[in-house]
There are 2 protein chains.
Amino acid sequence: MIQSHYMIANAPRRQPLYVQIKQFLLRRIAEGEWLEHDALPSEWDLADEMSVSQGTVRKALTELVADGLLYRQQGKGTFVAPVLSDWGNALLQSPGVFDELPDRLSCEFLAISRMNASDDMAVALQLRRHAPMFRVRQLWRGQGRPVALDEAYLPAERFDGMEARWFRSGVGVYATLQQRFGVRVVERREQYRAVMLPREDANLLGLSGAALEEPVLSLLRLSVSSVGERVEWRQRYCLSRDLALLQKAG
Amino acid sequence: MIQSHYMIANAPRRQPLYVQIKQFLLRRIAEGEWLEHDALPSEWDLADEMSVSQGTVRKALTELVADGLLYRQQGKGTFVAPVLSDWGNALLQSPGVFDELPDRLSCEFLAISRMNASDDMAVALQLRRHAPMFRVRQLWRGQGRPVALDEAYLPAERFDGMEARWFRSGVGVYATLQQRFGVRVVERREQYRAVMLPREDANLLGLSGAALEEPVLSLLRLSVSSVGERVEWRQRYCLSRDLALLQKAG
DNA sequence: TAGTGGTCTAGACCACGGG
DNA sequence: CCGTGGTCTAGACCACTAT
């Protein structure tokens, strides 16, 4: 299963051992062998199982921790990290206040529908033109008040069998991809803009009258899975009158 | 200089060797011992110099690479990375197009002035109320047209002696902090909002008439140095009619 | 061919957490 | 006390770059 490329003369190029180990563990996590917060075998057990040294296993685990797929606790073990939330590490804070703790957000499912990919969407997701898509709409609330509106677009053929009831309990899109398809999102590219909210979305965010003239923060997101597959295109509108979106920049 | 905490019985807690090595190298870089793109001594030479093993040096270098302070080229060496640009890894792209290459931005110095910290600013930068600050204003252009307006606020006591001419050639704030004070920015926390541009800033961005009613992207940034010091508070307004700000989210 | 970073091993010991 | 992750060493060999 795991083989070094140093031991095989004249063999075609192989990945380093620790990369093979990463992929091996990634597959086992995706297949549900360990659930969130489950402990993996110890570094030594994994090393024995795969006939490599503990240091090599350690290097693989360290990268998976950096990718956010695992977390470690000294003296206890290495565990499967909870799935990335639909907000990632982003927070909503008061503008200008960087040390504030955020409110918890709740997610309300609105609707799921089918449509065809726009040209930009198809290019970004590496699909053919007008490829069939699911559109999942969700409303985020903080302290009961609407704060953001999401439209997540997912390739219908890749995620065949998607059902509305999976979302009814307010579970996020990323959690659903993990639970139902074994897909873990690890990378996101986000574009930020300031726009006026499209009129038809305004009432969902509870805007009316003068508030219709308020600018909103538009976030366009391309989500990539742990195996490099582009799996989601998302449009989010955030009300930013009283809240700012915090990101730690890389 | 470098000492293990394993070899000293009953000694107070010491940092791991590789952390000491990081700090040691960080200081030597800050002091200008090596300039941008200069090669560091080889891992083996550094190991001999500090009487540690090559693997330990390697671990320190790997973390400095991850922090963006160094870069490596196999077969050649390890080099000092160019200073982070005032845009970090962020790019301006066409909305909805994630694979586009960005235009180069040019920086035009506008003015430097003295003022006192606002309350939010003082808290974020861990200064006393109304602490004296420098305000550096710069205008960013892409293909000749204004795209963003920056107001960088720097603690005047920490950066005593700051001069306007340091900025006249269009050099960024981060480059100046590196060159003049040996301070390297490595972490940034950014808040995004959508706002209407303050009237007095609009003409700097070339806005007039109906364009005054365009929303702009507001970015509020707290910059932290390689030694954890909070060194800058920045307000940026980005025109987002035709351009979106791309970030890779962590 | 020499010098660099990149991978891998085997073994040692430390620090933390929990029985 | 044991089992876990965390650090460190010494040595080996591979892969890339330049001369």
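From a predicted model like this one, the values you see are computed outputs, not experimental measurements. To find a chain, count down the sequence lines: A is the first, B the second, and so on, and within it residues start at 1.
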Whole-Å distance separating the [atom1] atom of [X] from the [atom2] atom of [N]:
X	N	atom1	atom2	result
B/Q54	C/dG5	CD	C1'	8 Å
A/W44	D/dG5	CH2	C1'	12 Å
A/F79	C/dC16	CZ	P	17 Å
B/Y18	D/dG6	OH	C1'	8 Å
B/E43	D/dT9	CD	C1'	15 Å
A/L46	D/dG3	CG	C1'	14 Å
B/Q73	C/dG6	CD	P	10 Å
B/R72	D/dA15	CZ	C1'	15 Å

- If you measure from the Lys or Arg side-chain nitrogens to the Asp or Glu carboxylate oxygens, is any gap between B/E49 and B/R28 under 4.0 Å?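 B/R28 and B/E49: salt-bridged.
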- Message: Tell me whether A/R234 forms a cation-pi arrangement with A/Y174, defined as NZ or CZ under 6.0 Å from the six-membered ring centre and within 45 degrees of its axis.
- Response: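 Output yes; distance and angle both within limits.
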- Message: Does C/dG18 have its OP1 or OP2 closer than 4.0 Å to a side-chain nitrogen or oxygen of A/K76?
- Response: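 True: A/K76 side-chain N/O within range (under 4.0 Å) of C/dG18 OP1/OP2.
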- Item | N/O (side chain, B/S42) to phosphate O (OP1/OP2, C/dG3) under 4.0 Å |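 The answer is no; no side-chain N or O of B/S42 sits under 4.0 Å from OP1 or OP2.
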- In terms of side-chain heavy atoms of B/D45, which of C/dG5, C/dT4, C/dA10 is nearest?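 So the side chain of B/D45 is nearest to C/dT4.
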- Ignoring the backbone of B/Q74, work out which of C/dA10, C/dT7, C/dG5 is nearest its side chain.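 For B/Q74, the side-chain atoms sit closest to C/dG5.
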- Crowding at CD, A/Q143 (>12 non-hydrogen neighbours, <6.0 Å):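 No, because the 6.0 Å sphere around CD of A/Q143 holds 12 heavy atoms or fewer from other groups.
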- Task: Could you identify which residues of residues 55-68 of chain B place a heavy atom less than 4.0 Å from some atom of DNA chain C, listed by residue number, or say none?
- Result: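 Result for residues 55-68 of chain B: B/R58, sorted by number.
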- Item | ring pair (Phe, Tyr, Trp, His ring centres under 6.0 Å) contacts in which one or both residues fall within residues 73-92 of chain A, not counting sequence neighbours |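 Residue pairs passing ring pair (Phe, Tyr, Trp, His ring centres under 6.0 Å), neighbours aside: A/Y71-A/F79, A/W87-A/W140.
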- Message: For B/F181 and B/F159, I'd like to know if the aromatic rings sit close, meaning centre-to-centre distance below 6.0 Å.
- Response: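 Between B/F181 and B/F159, the centre distance is under 6.0 Å.
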- Nearest heavy atoms of B/V80 and B/L70, plus distance in Å: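 Here B/V80 and B/L70 meet closest at CA-CD2, 3.9 Å.
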- Hey, what do you get for OH (A/Y192) to SG (A/C238), rounding to the nearest 0.5 Å?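 Interatomic distance, A/Y192 OH to A/C238 SG, rounded to 0.5 Å: 9.0 Å.
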